[in-house]
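Worksheet: one structure, shown below.
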Amino acid sequence: MLLHPAAGRKGTAQDRTRSSGAELAGKPARPPEVCIITALPLRCRDISPLLKDPAAFRTLIDLLEDHLRASFPKIDFIAGLDSRGFLIGPCLAQRLGIGFVPIRKKGKLPGPTESVSYTLEYGKAELEIQSDAVEPGQKVIIVDDLLATGGTMCAACELVKRLKAEVLECLVIIELKPLKGVEKLNSIPFYSLLQYD
Ligand SMILES: O=P(O)(O)OC[C@H]1O[C@H](OP(=O)(O)OP(=O)(O)O)[C@H](O)[C@@H]1O
Ligand SMILES: Nc1ncnc2[nH]cnc12
């Protein structure tokens, strides 16, 4: 499978486990980019090989940039989730000529913060945003590498809303469809580039 700008959640539901960084870059297929870590209780997907391949990573950012430019006339900030949202969020924000805002795990951000606790596939955690990160009414895209149960993304949406900003969309590279995370987001627009069953 060769990914192109039409790739995304609206595409056909196929088994995409053979998608690779090389395929993103338009090169011949090779072993899966999102490797499966079987030592963990659930199938874990890892974007490291995609980050390691500069052509594939560039294509990834191209696709996400094209999607956002086509979907939203105005975006004020990209907010990225700790930790792997930090790997794509700032690059995407630079491409769009806008700022990046970090949403971090508890106790990492200086100054006054808003905080929300949430449940993961394997445990509990707390996310924080700086209280002055965004202004009321500003338009925010929240990015992360992956949506599993949706708990992390849901907590991030809650933080942005607490600051009275608007979540235009939650955007991820990978959606693990059986975990139905998208249902937790209710009516908040959601986009994933790759979906796995
Ligand atoms: O949809 P959910 O079930 O909430 O899971 C998705 C989250 O889990 C992973 O991060 P993790 O919490 O493992 O943190 P890390 O990026 O610091 O490793 C992943 O990068 C997402 O942020
Ligand atoms: N199945 C999964 N693979 C990779 N990262 C995850 N984070 C939460 N669930 C995950």
Side-chain angles (χ1 to χ4, degrees), residues 8-9 13 15-21 24 31-53 56-57 60-61 63-64 77-93 100-109 113-130 133 140-162 167-197:
R9 187 164 180 250
D15 178 5
R16 289 176 170 151
T17 53
R18 287 188 56 76
S19 300
S20 72
L24 278 173
E33 130 255 357
V34 226
C35 50
I36 300 168
I37 304 165
T38 50
L40 291 166
L42 287 154
R43 297 201 317 172
C44 281
R45 306 282 175 176
D46 175 26
I47 61 164
S48 302
L50 187 53
L51 300 169
K52 200 173 167 185
D53 180 334
F57 187 68
L60 168 72
I61 300 297
L63 291 173
L64 298 179
F77 286 105
I78 300 288
L81 304 194
D82 192 348
S83 62
R84 283 165 275 183
F86 297 172
L87 301 172
I88 48 173
C91 299
L92 199 47
F100 173 80
V101 168
I103 294 180
R104 298 213 61 183
K105 302 259 171 71
K106 184 180 170 61
K108 304 281 186 183
L109 288 169
T113 55
E114 293 291 328
S115 169
V116 167
S117 51
Y118 62 102
T119 308
L120 281 163
E121 271 177 273
Y122 30 79
K124 283 200 143 219
E126 213 165 316
L127 275 186
E128 293 182 337
I129 192 169
Q130 284 170 316
V140 179
I141 301 287
I142 305 178
V143 302
D144 203 0
D145 64 328
L146 175 144
L147 188 89
T149 66
T152 310
M153 192 57 93
C154 202
C157 289
E158 172 62 26
L159 286 174
V160 171
K161 287 181 188 168
R162 283 234 195 123
V167 180
L168 290 178
E169 184 176 77
C170 299
L171 183 159
V172 298
I173 303 173
I174 298 162
E175 177 185 1
L176 303 180
K177 290 194 80 74
L179 293 172
K180 299 188 171 145
V182 73
E183 290 176 11
K184 214 172 261 169
L185 297 176
N186 294 317
S187 56
I188 298 171
F190 172 77
Y191 180 84
S192 60
L193 199 58
L194 297 168
Q195 303 84 32
Y196 289 88
D197 291 319

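Indexing begins at 1, ligand by ligand and atom by atom, following the structure's order. Sequence positions, counted from 1, serve as the residue numbers for this chain.
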Within ligand 1, which atoms have a heavy atom of D145 less than 4.0 Å away?
19 (C), 20 (O), 21 (C)
Between M153 and ligand 1, does any nitrogen or oxygen pair lie at a separation below 3.5 Å?
no
Enter the distance from D144:CG to S83:OG here, rounded to the nearest 0.5 Å.
8.0 Å
Any atom of ligand 1 sitting under 4.0 Å from a heavy atom of L81?
no
Can you sort out which atoms of ligand 2 are near L146, meaning under 4.0 Å from one of its heavy atoms?
3 (N), 4 (C), 5 (N), 6 (C), 7 (N), 10 (C)
Answer side chain, backbone, both or neither: which part of C44 comes under 4.0 Å from ligand 2, heavy atoms only.
both
Closest contact, heavy atoms only, P102 versus I129:
O-CG1, 4.3 Å
List every atom of ligand 1 that sits less than 4.0 Å from any heavy atom of T149, numbering the atoms from 1 in the order shown and giving each element.
1 (O), 2 (P), 3 (O), 4 (O)
Show the nearest heavy-atom pair for residues K105 and Y118, with the distance to one decimal.
CE-OH, 3.6 Å
Should G181 be listed as contacting ligand 1, given a heavy-atom distance under 4.0 Å as the test?
no
Subset of ligand 2 atoms that lie under 4.0 Å from at least one heavy atom of L176:
1 (N), 2 (C)
How long is the gap from CZ on R104 to CG on L127, to the nearest 0.5 Å?
10.5 Å
Can you check whether L146 has an N/O within less than 3.5 Å of an N/O in ligand 1?
no
Please report the interatomic distance CD1(I188) to NZ(K161), rounded to the nearest 0.5 Å.
3.5 Å
Filtering L179, D144, I173, T152 for the heavy atom nearest atom 22 (O) of ligand 1 leaves D144
Run the numbers for me: atoms of ligand 1, each under 4.0 Å from some heavy atom of R84, listed by number.
9 (C), 10 (O), 11 (P), 13 (O), 15 (P), 16 (O), 18 (O), 20 (O)
So the atoms of ligand 1 within less than 4.0 Å of a heavy atom of L120 turn out to be 4 (O), 12 (O)
Taking K184 for the side chain and T149 for the main chain, is one N or O donor matched with an acceptor at less than 3.5 Å?
yes
Inter-residue atom distance I174.CD1 - L193.CG, 0.5 Å rounding:
9.0 Å
Ignoring hydrogens, what is the shortest heavy-atom contact between D145 and R84? Give both atom names and the distance.
OD2-CD, 3.3 Å
Enter the distance from K106:NZ to S117:OG here, rounded to the nearest 0.5 Å.
9.0 Å
Given side chains that start at C-beta, do those of M153 and F190 come closer than 4.5 Å, heavy atoms only?
no
Looking at A148, which atoms of ligand 2 are within less than 4.0 Å of one of its heavy atoms?
8 (C), 9 (N)
How does D145 reach ligand 2, by side chain, by backbone, by both or by neither, if only non-hydrogen atoms under 4.0 Å count?
neither
Under 3.5 Å between any N/O of R84 and any N/O of ligand 2: does that happen in this structure?
no
